[in-house]
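First up is the structure itself, then whatever we jot down about it.
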Protein chains: 2
Amino acid sequence: MTQAIDLLAPLTHTLDAKAFSTDPGEIGPHARDWRGQIAGSAPVLFKPSTLEEVKRIVTYCNERSIALLPQGGNTGLVGGSTPQGEALISLKRMNRITKLDPENDSITVEAGTILTTVQEAAAEAGRLFPLSLGSEGSAMIGGLISTNAGGVHVLRYGMMRDLVLGLEVVLPDGRVICDLAGLRKNNTGYDLKQLFIGAEGTLGVITAATLKLFARPASRAVAIAAVDSPSAAVSLLSLVKERTGGSVAAFELMAKSAIDFALEHVPDLRQPLADPTPWSVLVEVTSGERDRAEVLMESALEAAFEAGLVRDGAIAQSQAQAEEFWRLRESIPEGEKAHGKAAKHDVSVPVSQMAAFMEEATSRAEALVEGSMVVAFGHVGDGNVHFNLARRQAGAGQDFLERARPATKLIYDLVDKYGGSISAEHGIGILKQAELAARKPVEVALMREIKRAIDPNGIMNPRVLLPAD
Amino acid sequence: MTQAIDLLAPLTHTLDAKAFSTDPGEIGPHARDWRGQIAGSAPVLFKPSTLEEVKRIVTYCNERSIALLPQGGNTGLVGGSTPQGEALISLKRMNRITKLDPENDSITVEAGTILTTVQEAAAEAGRLFPLSLGSEGSAMIGGLISTNAGGVHVLRYGMMRDLVLGLEVVLPDGRVICDLAGLRKNNTGYDLKQLFIGAEGTLGVITAATLKLFARPASRAVAIAAVDSPSAAVSLLSLVKERTGGSVAAFELMAKSAIDFALEHVPDLRQPLADPTPWSVLVEVTSGERDRAEVLMESALEAAFEAGLVRDGAIAQSQAQAEEFWRLRESIPEGEKAHGKAAKHDVSVPVSQMAAFMEEATSRAEALVEGSMVVAFGHVGDGNVHFNLARRQAGAGQDFLERARPATKLIYDLVDKYGGSISAEHGIGILKQAELAARKPVEVALMREIKRAIDPNGIMNPRVLLPAD
């Protein structure tokens, strides 16, 4: 590490004092992962404030084959942003909104802009930036793009990939590609920005982006409904989609076990249903017309009762109550964490396979690991479920993760069987490299060839995403 | 050419007789472009019917550096599918629908499936496949993906890129990447399919795709409205978007000159407005609720009248009349062709810049080329306009295209000034390579590096898209 700092001295001597730090106290929080499970280290934390500074840092490192790890809000869940000796380059000082064009429904921001800042700027201009997820108060746009973030509104608005109109990226050799004009249609060769979206920082440093904005819904209705099974939930999704004319903005499945963890461990939560069944769904319907979402939701739920798909249901009677319903859903990870360690799986299958997958995976995983229970919740409308295995009893259960390991293999095998993905939204990072290599050998080889073409010295986040050769 | 056939004999001897042809009569239609402006030739037309046959053909050609041009319906407009000595590989015999999964809102088809076939299969299953364009009766899915096709419903549903859930692609060396499961979320490394979408056949042969389906709208309203200027049209777009809660499915601008060409040269067309202004827009609003689109359209147009944005308007009173309105819009290219040759420009700018761009480009182009007139029409809701320059007088006007050449340069310069693209939806092909190279040197260099990584022998459609080194 001392060596690395020495090697970096000729660069840092020419940088503004604010543009880097070697203070372990400052580097520390950047060198640990958000879940607190991975500890790392970095000889230096670069904090450029301009594109020029990014270019100088990247070029310098490339010429000397010094590994660089670009970091946003450091809220990733797969270890992709925790350095192990790499130089960190944080975009946090590049956090300006450089253009807001409501007539073009677009906003241009630097990569270090925090998600809530973008949401708020859009709202002030009478528009919506729909990406929404638990870490939105600290996650940064560059990181959200580099991980192709998902969240609760994918069903209606797509993942981050679908929200990006253009990028500015510094390539490993210091060249810059820049397309921030906000065009909706632009068929001029390979769509290069797509390579950097979801690349986990392995191909370059995203420095700015132009993002899509949308009309703000004029009305919103949120309901929680009790259903008997994931299968009933999927049927309910079809029914609500049809009855509301495609106005479903979110459709989140929650196992009773997941809700119980939240109710037990997170203060001030309330279960809105009197007699909860093993499964509940949170449904959000939005409409461009005033007072319309409520009407659509009521008619959809009425039809669902008549069809026998829903046992019980509650429609939020105010925005405050809608927030309360959402808080129940969003408190599940905290409740789960308080209960004890769990083996976590962020998986997806085709929506039509969701029920069969969950049924088989639940019974077989619980049978395989003694004293375990499946805690499942998530974005079932997108075919994405957080399918976790926890101890039935609360407590540390240090050996549990070890004992649960065969269940992870089983669950991933079932994901394969049902045509799914072992990482729906969290990415590969360092946690799923072996699984990726085993499942996509041709694709991984092709990714490597692309990586070599763009980053021949291998300086960009080299331990992440692509499995070691 | 004889040489090429000899070189191919060891391959063709092992292929089924139906899988290739060297008959000039059969090859002929595949070797001319759709507009009838480019004549080409090919020594052989491969017509594989299975993935295995595609792999054998591609591998054989790759080992001998024989250039291959993958062809769909051959309806492209930029010369990208006309061979000049390359071996043609047509996907037309691979035209099966292999899976339709309404619950997952997806359909899987082979690359040679014709667009209308997909639209019809989706409709039969109570779903919508929204891509729609003039050549839909002959354009094939593989070609539509390879050119990232646009069309009239981009505003609501996006371009082809946005409709692709996964691809099966044969790489130049015969390896196959395949992801046809129809997942909505799948963050497992670089999103490789994006590279092949819009690559114009330069990176591999797309053999199958899984596409997104949507709920069918329960109601539809189509109107034609007279506006004073492109600026009024853009304001009208904002107003209609807001009033209909984002339910605008199409928003097409038409210059009076464009409509007049259609009315003059295409039989059985009717102008629905009594006193047309210089510009009209065709607006389509759809809704998931029955009878709702009509209500939304009426209220939006009423507000537009009150705001003084619209001079005159007609809402189609039946589906037949709606089709009639659309036929007026869709007959413009035919009317334009009958009028005489025109210098064509498929350009885009940010929606907020559309009015200023069109105003400046119109006055300056018409001043530059004597006896010329701008004929503009297209997808203004996406910031995309077909901005063509025609002779005022009808007739062949052989010298006109030559005389119009400086206007093309002027128009592209203005596209640059307004932050636009010289190819919004038609692609680069062989017609816009110089313009691409001049505008995106870094991007083109990066595209070349990617091309070399994936197609090191340069066999895939080698004259197309990327400018010669």
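Predicted model only: the values in this text are computed from it and were never measured. In what follows, chains carry the letters A, B, and so on, assigned in the order in which the sequence lines appear, proteins first and then strands, with residues in each chain numbered from 1.
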Parallel, tilted or perpendicular for B:His386 and B:His426, by the 30°/60° rule?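 Correct class here is parallel.
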By side-chain hydrogen bond (donor to acceptor under 3.5 Å, both in side chains), which residues pair with A:Asn187, not counting sequence neighbours?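 Applying side-chain hydrogen bond (donor to acceptor under 3.5 Å, both in side chains) to A:Asn187 gives B:Asn148.
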Which one, B:Ile450, B:Asp101, B:Leu446, B:Leu155, leads in non-hydrogen pairs under 4.5 Å with chain A?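 Among B:Ile450, B:Asp101, B:Leu446, B:Leu155, the one with the most close pairs to chain A is B:Leu446.
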Heavy-atom pair count under 4.5 Å with chain A, highest-scoring of B:Val351, B:Thr188, B:Asn384: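 Most pairs with chain A among the choices: B:Thr188.
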Measuring from [X]:[atom1] to [Y]:[atom2], what's the distance to the nearest 0.5 Å?
{"X": "A:Glu443", "Y": "B:Cys178", "atom1": "CD", "atom2": "SG", "value": "8.0 Å"}
{"X": "B:Met447", "Y": "B:Leu195", "atom1": "CE", "atom2": "CG", "value": "10.5 Å"}
{"X": "B:Asp179", "Y": "B:Leu192", "atom1": "CG", "atom2": "CG", "value": "9.5 Å"}
{"X": "B:Phe214", "Y": "B:Arg156", "atom1": "CZ", "atom2": "CZ", "value": "9.5 Å"}

Counting heavy-atom pairs under 4.5 Å with chain B, which one of [options] comes out on top?
{"options": "A:Gly198, A:Pro350, A:Gly182, A:Gly419", "result": "A:Pro350"}
{"options": "A:Ala215, A:Gly189, A:Gly150, A:Ala453", "result": "A:Gly189"}
{"options": "A:Thr286, A:Thr244, A:Thr202", "result": "A:Thr202"}
{"options": "A:Arg184, A:Met354, A:Glu425, A:Arg216", "result": "A:Glu425"}
{"options": "A:Val444, A:Leu436, A:Val349, A:Leu203", "result": "A:Leu203"}

Quick one: list whatever passes side chain to side chain contact (heavy atoms under 4.5 Å, CB included) with B:Ala445, sequence neighbours left out.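 For B:Ala445 the side chain to side chain contact (heavy atoms under 4.5 Å, CB included) partners, ignoring immediate neighbours, are A:Arg175, B:Glu449.
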By side chain to side chain contact (heavy atoms under 4.5 Å, CB included), which residues pair with B:Thr98, not counting sequence neighbours?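 Scan of B:Thr98 (side chain to side chain contact (heavy atoms under 4.5 Å, CB included), adjacent residues dropped) gives B:Arg96, B:Thr108, B:Glu110.
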Compare every heavy atom of [Y] with every heavy atom of [X], then report the nearest pair and how far apart it is.
{"X": "A:Asn104", "Y": "B:Ser352", "answer": "CB-OG, 3.7 Å"}
{"X": "A:Leu77", "Y": "A:Leu431", "answer": "O-CD1, 3.7 Å"}
{"X": "A:Phe357", "Y": "A:Val385", "answer": "CE2-CG1, 4.2 Å"}
{"X": "B:Pro467", "Y": "B:Ala437", "answer": "CG-CB, 3.5 Å"}
{"X": "A:Ser421", "Y": "A:Ala424", "answer": "OG-N, 4.1 Å"}

[X] versus chain B, the contacting section by heavy-atom distance below 4.5 Å:
{"X": "A:Arg292", "value": "side chain"}
{"X": "A:Ser106", "value": "neither"}
{"X": "A:Asp105", "value": "side chain"}
{"X": "A:Lys440", "value": "side chain"}
{"X": "A:Leu465", "value": "side chain"}
{"X": "A:Leu180", "value": "neither"}
{"X": "A:Asn186", "value": "both"}
{"X": "A:Leu296", "value": "side chain"}
{"X": "A:Ile428", "value": "both"}
{"X": "A:Ser287", "value": "neither"}
{"X": "A:Val347", "value": "neither"}

Residue part contacting chain A, namely of [X], when any heavy atom lies under 4.5 Å:
{"X": "B:Leu183", "result": "side chain"}
{"X": "B:Leu466", "result": "side chain"}
{"X": "B:Ala199", "result": "both"}

Look only at the side chain of A:Lys185 and the backbone of B:Asp382, and say whether a donor-acceptor pair between them is shorter than 3.5 Å.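 No: the side chain of A:Lys185 does not pair with the backbone of B:Asp382.
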In this structure, are over 12 heavy atoms from other groups packed under 6.0 Å from B:Arg448 atom CZ?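 More than 12 within 6.0 Å, yes.
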So with a 6.0 Å cut-off around CZ of B:Arg243, is the heavy-atom count from everything else above 12?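 Atom CZ in B:Arg243 is not packed in, count stays at 12 or less.
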Could you please state which residues from residues 157-168 of chain A sit under 4.5 angstrom from chain B, measuring non-hydrogen atom to non-hydrogen atom, sorted by number, or 'none'?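 Within residues 157-168 of chain A, the residues under 4.5 Å from chain B are A:Met159, A:Arg161.
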